[in-house]
Number of protein chains: 2
Amino acid sequence: MSIYISKKMSGMKPSAIREFFKYAADPQVISMAAGNPAPDSLPVKAISRLTAQIMEQEIDAALRYSISEGHTPLRESLKAYLGGQDAYDSDRDEVIVFSGSQQCMDIACRVLCDPGDTIICEDPSFIGSVNAFRSWGVNVVGVPMQEDGIDIEKLERALKTEQKVRFLYLIPNFQNPTGYTMSAQKRAECYRLAKQYGVLILEDDPYGDLRFSGEHILPIKCLDKDGIVLYARSFSKTLAPGLRVGYLCFPKEMAGPVTVAKQCADVHTSVLAQLICNKFLTEEDMAAHLREVASVYRRKCGELLAELDKLPAEKISFSRPQGGMFIWATFKDGRDAGEFCMRLVQEKKVAVVPGSAFLAQPGPSPYFRMTFATPTQEQMVKGIAAIGEML
Amino acid sequence: MSIYISKKMSGMKPSAIREFFKYAADPQVISMAAGNPAPDSLPVKAISRLTAQIMEQEIDAALRYSISEGHTPLRESLKAYLGGQDAYDSDRDEVIVFSGSQQCMDIACRVLCDPGDTIICEDPSFIGSVNAFRSWGVNVVGVPMQEDGIDIEKLERALKTEQKVRFLYLIPNFQNPTGYTMSAQKRAECYRLAKQYGVLILEDDPYGDLRFSGEHILPIKCLDKDGIVLYARSFSKTLAPGLRVGYLCFPKEMAGPVTVAKQCADVHTSVLAQLICNKFLTEEDMAAHLREVASVYRRKCGELLAELDKLPAEKISFSRPQGGMFIWATFKDGRDAGEFCMRLVQEKKVAVVPGSAFLAQPGPSPYFRMTFATPTQEQMVKGIAAIGEML
């Protein structure tokens, strides 16, 4: 018999980025496609040491069932950690541990949106989140990005015209895919508009710890006197993505349904992974580790920009991020990057991701995304030279 | 502002069982409530040793992003392991790793059901799954249980009368909460009916490895010549629930949407947890371990039954399971067990779960569920004596 697939899933396509993994898996391909952290930025030795200690000291806790909200000592450490930064009043919020920040996005949408409701996001945006939203039958409306963040005028127009907008999805720091950072002024304007139009903000901040130049800008969460911001963070870029540990800080009044949704989804996040994160947070010098991580990304970003600066400026331009993992390139003649990227990987064995993969509405795009996190300097030299030849 | 909660989540209540954890957390309470595995059945030393080896040999794989389908060596080991048992033709199916079998249920429903569709389940049934189904806006219809499994006549009536039935949810081995096992004949009849009425079967088998008496009965999956059975298993009862690793074997034609749903949900399951399971499966003697696990449960079940046999048979009866973790008690006078269970935990500090918690439709129930997995023999003696006093 033919198997019926639900309406919400039958229209979904696998993420184009994850499809690119297939090319990247070819060891001959220089991959600047996937959003993996720089291997030399992960604290491998510390994690190995802490895991051995967990096996000796608290293996029973690691192996048992836990509560859906997350391992209590980790939640307390996170509240203390966040409360110590940015004048964020973490006591006003609930903090729940999720299986990576992807699950924060999926569950926020599960709890907040009915099918047919609307989410407004930056355009382009992180496709993993946008796909999760779409899988809930939600209408995703993109508002164009500018170098200092979302276009506020167009955002207000969208808030005026769109129906049943449940939240704005924003990545203010070193956005994926553009690398752009939202200015403090625009963060305040987004907050003001959200309040005015009665919508929530889902602030996704996986890269905030990866700032390597410029000045720190407060998360929108720190402006949240009204309890309208959900703030998602992750250990995936700073400790290890394979552990799958993220967390969401959100208004306490949502705690009931968020906890039930987490219960339904996977009961709780792997306890061993939570214990590793907690031990790192409480026993290691997180601030020193983050300085080291930032220095790795500063160096690697500088190396890629040095190569990109050799390309003909009349043909291509690119963003100069202050942190994170991504650079956004623009073909100045406005041509669609799709065919270019496909030829690049097939003929030159260099993988980047065409901008169309990140659009709220499908269509051509003169952009492509590169990461400086994973390629070696030698690979960057070769990869950008190949792009130069193709131009 | 008041936060809008989605229709699907706003009607949900936290699982009554998980609410009982609050009582069970009181160290003075003898808990026979939660479905935790017997602590002395988990291979703690082996997991500790294997984890240390992973930290030495493959820590990079443990910390990196992986593919949504699961760690490839684990998926291959699972196919080989399942293919070696029960004449199950694992090559016909896809196997995907999930974050515990709870996630198998949640994602099966996500992929297969629209809001308003129907799922037929045993009544009573595992409330974690039923809640996940309900959270998708699905209509859950219960069909009464008998000691040899679901009532086939009433199942056929339900299949005839209910609209848009997408799947039957069945726990054929040592069912939660009843401890009943479905006979081979009824398994075949369920399969025949599912085929006849064009619905799938979601076969949940977390306890199948915990048989300690009677003869092994083939899973329904082994009858699946037509590609209509989804088969969920878990490492939670045999290795460790805290790791959160389960897996689903299902018809290959569903692989696309299932993979996308997993991507949207949490990208992939914790790689470290997957590596531990794979190492155990390939390097340890799983068959010998399962024999040891079964012997622990055989002893503990016998200990609890010995105490229960002291209770007045005219007032209470109970199931005599051949495996798993649960015994199902019945008040012969038909009184609702809810008040009894509440008084038992408040006055006698003994926690069991009232049957109403497991019903497809809320209502009174003359049943309650006990586990023999976690209490010590001394606690069983005290706990059952307290029940006797209350009777």
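Proteins come first, then strands; the chains are lettered A, B, ... in the order of their sequence lines, and each starts at number 1. These numbers come from the heavy atoms of this one structure, side chains and all, not from hydrogens, waters or symmetry mates. Please read these numbers as outputs of a predicted model, since none were measured by experiment.
Of the atoms belonging to B:Pro39, not a single heavy atom falls under 4.5 Å from chain A. Contact of B:Ile5 with chain A is made through backbone and side chain together, with heavy-atom distances under 4.5 Å. Neither the backbone nor the side chain of B:Ser101 comes within contact range of chain A; no heavy atom of the residue lies under 4.5 Å from a heavy atom of that chain. Looking at A:Ile59, the atoms closer than 4.5 Å to chain B (heavy atoms on both sides) all sit in the side chain, from C-beta outward. With a threshold of 4.5 angstrom between heavy atoms, B:Val199 approaches chain A through N, CA, C or O but not through any side-chain atom. Heavy atoms closer than 4.5 Å to chain B are found in the side chain of A:Arg166, but not in its backbone. In this structure, chain B has no heavy atom under 4.5 Å from any part of A:Ser129.
For the pair A:Leu63 and B:Leu239, the minimum side-chain heavy-atom distance is 4.5 Å or more.
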For residues 41-54 of chain A, which side-chain N or O atoms pair as donor and acceptor with protein atoms under 3.5 Å away, sequence neighbours left out?
unit_1  : atom_1 : unit_2   : atom_2 : d
A:Ser41 : OG     : A:Ala38  : O      : 2.7
A:Arg49 : NH1    : A:Glu284 : OE2    : 3.0
A:Thr51 : OG1    : A:Ile47  : O      : 2.6

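Sorted by first then second residue, the ring-ring contact (aromatic ring centres under 6.0 Å, His included) pairs that include residues 39-58 of chain A, not counting sequence neighbours, number zero.
Side-chain atoms of A:Arg110 and B:Ser135 form a donor-acceptor pair, as typed in the model, at a separation below 3.5 Å.
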Legend entry - CA sep, side-chain torsions, deciding dist, call: A:Trp136, B:Cys264, side chain to side chain contact (heavy atoms under 4.5 Å, CB included): CA-CA 10 Å; A:Trp136 292 97; B:Cys264 289; over 6 Å; no
